[in-house]
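So the structure is just underneath, and the comments pick up after that.
A quick note: this is a predicted structure, and the numbers were derived from the prediction, not measured. Position 1 is the first residue of the sequence, and the numbers go up from there.
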Amino acid sequence: MIVCYQMLMEEPLFNNLRTKEQLGYSISCELRDTFGILGFTISVNTQANKHSADYIDERIEEFLKTFLKFVETLPSEDLKEVRNSIIKLKQSTDLYLREEVTRNWHEIINQEYVFDRRTKEIKFLEEITLKELQTWLEDHLSNGNRTKFRKLSIQ
């Protein structure tokens, strides 16, 4: 589910925080799986003498408020486009043996052994609804209902 948000969020995040507000030279969002704990990261690399860490944190929170409103009004057709793009990426064949080996070794190293993970993820993506995405976002943002909200700010 988080991968949908990442694809929906990347462009507006960059456009808002990097292009319009010029908060930093590198702005990104990404998924994290740290020892089985899933997370979502928004990174802003800025000059220390340009903006304070508190100000950057405030601007990220403000962006997330607008992003929540954006997702609440997102047409289901837009979600279908994003979902289809992610599915196509996951269905793509490995171009090099190294890609397949790396993916499978990752399963072994993490002792998860889900060698058909991409197939399972595709099935999940095909079944996800816009309402489920909206509820997840509402639960996991500081300006939502905060039932599952956790935040770690590293500055």
Side-chain angles (χ1 to χ4, degrees), residues 1-18 23-46 53-54 56-61 63-68 70-72 74 76-155:
M1 188 168 318
I2 298 175
V3 72
C4 288
Y5 284 117
Q6 181 184 6
M7 287 199 70
L8 287 170
M9 186 183 284
E10 279 177 324
E11 191 278 326
L13 177 75
F14 188 86
N15 186 44
N16 254 2
L17 300 185
R18 171 71 173 94
L23 294 183
Y25 56 89
S26 175
I27 295 177
S28 63
C29 59
E30 66 182 79
L31 307 172
R32 300 189 59 91
D33 182 347
T34 308
F35 303 107
I37 299 170
L38 296 179
F40 189 80
T41 302
I42 294 178
S43 299
V44 176
N45 297 330
T46 189
D54 288 337
I56 297 295
D57 192 55
E58 184 182 299
R59 299 314 307 148
I60 291 171
E61 288 296 327
F63 168 78
L64 290 172
K65 286 179 188 175
T66 62
F67 185 70
L68 178 59
F70 164 75
V71 173
E72 287 172 350
L74 183 71
S76 58
E77 287 302 314
D78 289 359
L79 172 63
K80 286 179 185 174
E81 284 182 37
V82 170
R83 181 175 48 207
N84 290 339
S85 296
I86 298 168
I87 289 171
K88 282 182 182 177
L89 284 172
K90 292 191 175 292
Q91 288 174 331
S92 63
T93 306
D94 295 322
L95 297 176
Y96 303 100
L97 182 59
R98 174 187 288 174
E99 294 169 334
E100 183 177 0
V101 169
T102 300
R103 188 176 60 256
N104 288 323
W105 269 114
H106 185 328
E107 295 295 334
I108 293 167
I109 290 168
N110 291 325
Q111 299 178 348
E112 293 179 352
Y113 312 112
V114 184
F115 297 106
D116 63 342
R117 184 178 303 275
R118 290 196 304 186
T119 304
K120 289 181 177 185
E121 288 174 346
I122 289 168
K123 184 176 180 347
F124 175 80
L125 286 165
E126 290 171 340
E127 296 173 357
I128 196 164
T129 67
L130 181 57
K131 183 64 179 156
E132 288 172 322
L133 283 171
Q134 291 166 337
T135 300
W136 186 93
L137 190 59
E138 178 76 20
D139 288 347
H140 290 85
L141 289 184
S142 63
N143 56 309
N145 67 23
R146 300 177 65 111
T147 58
K148 297 175 184 158
F149 172 71
R150 303 293 181 271
K151 178 180 176 178
L152 172 64
S153 182
I154 301 172
Q155 306 169 1

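- The shortest heavy-atom contact between Met7 and Ser85 is CE-CB, 4.1 Å.
- The side-chain heavy atoms of Thr66 and Phe70, taken from C-beta on, include no pair separated by under 4.5 Å.
- When all heavy atoms of Ile128 and Arg83 are compared, the closest pair comes out as O-NH1, 2.7 Å.
- Counted within 6.0 Å of OH on Tyr96, heavy atoms from surrounding residues, nucleotides or ligands total 12 or fewer; the atom is thus considered open.
- For Lys151, the NZ atom counts as densely surrounded, since its 6.0 Å shell holds more than 12 non-hydrogen atoms of other residues, nucleotides or ligands.
- Asp54 has no carboxylate O lying under 4.0 Å from a charged side-chain N of Arg59, or vice versa, which leaves the two without a salt bridge.
- Remark: the backbone N or O of Glu58 is not paired with any side-chain donor or acceptor of Glu61 at under 3.5 angstrom.
- Ion pairing between Glu99 and Arg103 fails under the 4.0 Å rule for side-chain N and carboxylate O.
- Of the possible donor and acceptor atoms, one in the side chain of Arg18 sits under 3.5 Å from a partner among the backbone N and O of Gly24.
- To the nearest 0.5 angstrom, Thr41 atom OG1 is 8.5 Å from Leu31 atom CG.
- Residue Asp57 comes nearest to Ser153 through the heavy atom pair OD1-OG, 3.9 Å, listed as atom of the first residue, atom of the second, then distance.
- With rounding to the nearest 0.5 Å, the separation of CG in Leu17 from SG in Cys29 is 10.0 Å.
- Side-chain contact between Leu97 and Glu100 is present, with heavy atoms from C-beta onward closer than 4.5 Å.
- Counting heavy atoms from C-beta on, the side chains of Met9 and Leu64 come closer than 4.5 Å.
- When atom types are taken as modelled, the side chain of Glu30 and the backbone of Ile42 share no donor-acceptor pair closer than 3.5 angstrom.
- Between Phe115 and Asn104, the shortest heavy-atom distance links the atoms CD2-OD1, 3.3 Å.
- Side-chain contact between Val101 and Asp94 is absent, with no heavy atoms from C-beta onward closer than 4.5 Å.
- A salt bridge does not link Lys80 to Glu126: none of the charged side-chain nitrogens sits closer than 4.0 Å to a carboxylate oxygen.
- The main-chain N or O of His106 is found under 3.5 Å from a side-chain atom of Asn110 such that the two form a donor-acceptor pair.
- The backbone N or O of Trp136 sits less than 3.5 Å from a side-chain atom of His140, completing a donor-acceptor pair.
- Atom CD1 of Ile108 has more than 12 heavy atoms from other residues, nucleotides or ligands within 6.0 Å.
- Considering all non-hydrogen atoms of both residues, Asn16 and Phe63 come closest at ND2-CD1, 3.4 Å.
- The two atoms that bring Ile86 and Leu125 nearest to each other are CG2-CD1, 3.4 Å, heavy atoms only.
- Looking at Glu107, its side chain never comes within 3.5 Å of a backbone N or O of Glu112 through a donor-acceptor pair.
- Put simply, the residue from Thr46, Leu13, Asn45 that forms a side-chain contact (heavy atoms from CB on, under 4.5 Å) with Ile27 is Leu13.
- To the nearest 0.5 angstrom, Glu10 atom CD is 13.0 Å from Asn15 atom CG.
- Between the CD1 atom of Ile56 and the CG atom of Leu23 there is a distance of 4.5 Å, given to the nearest 0.5 Å.
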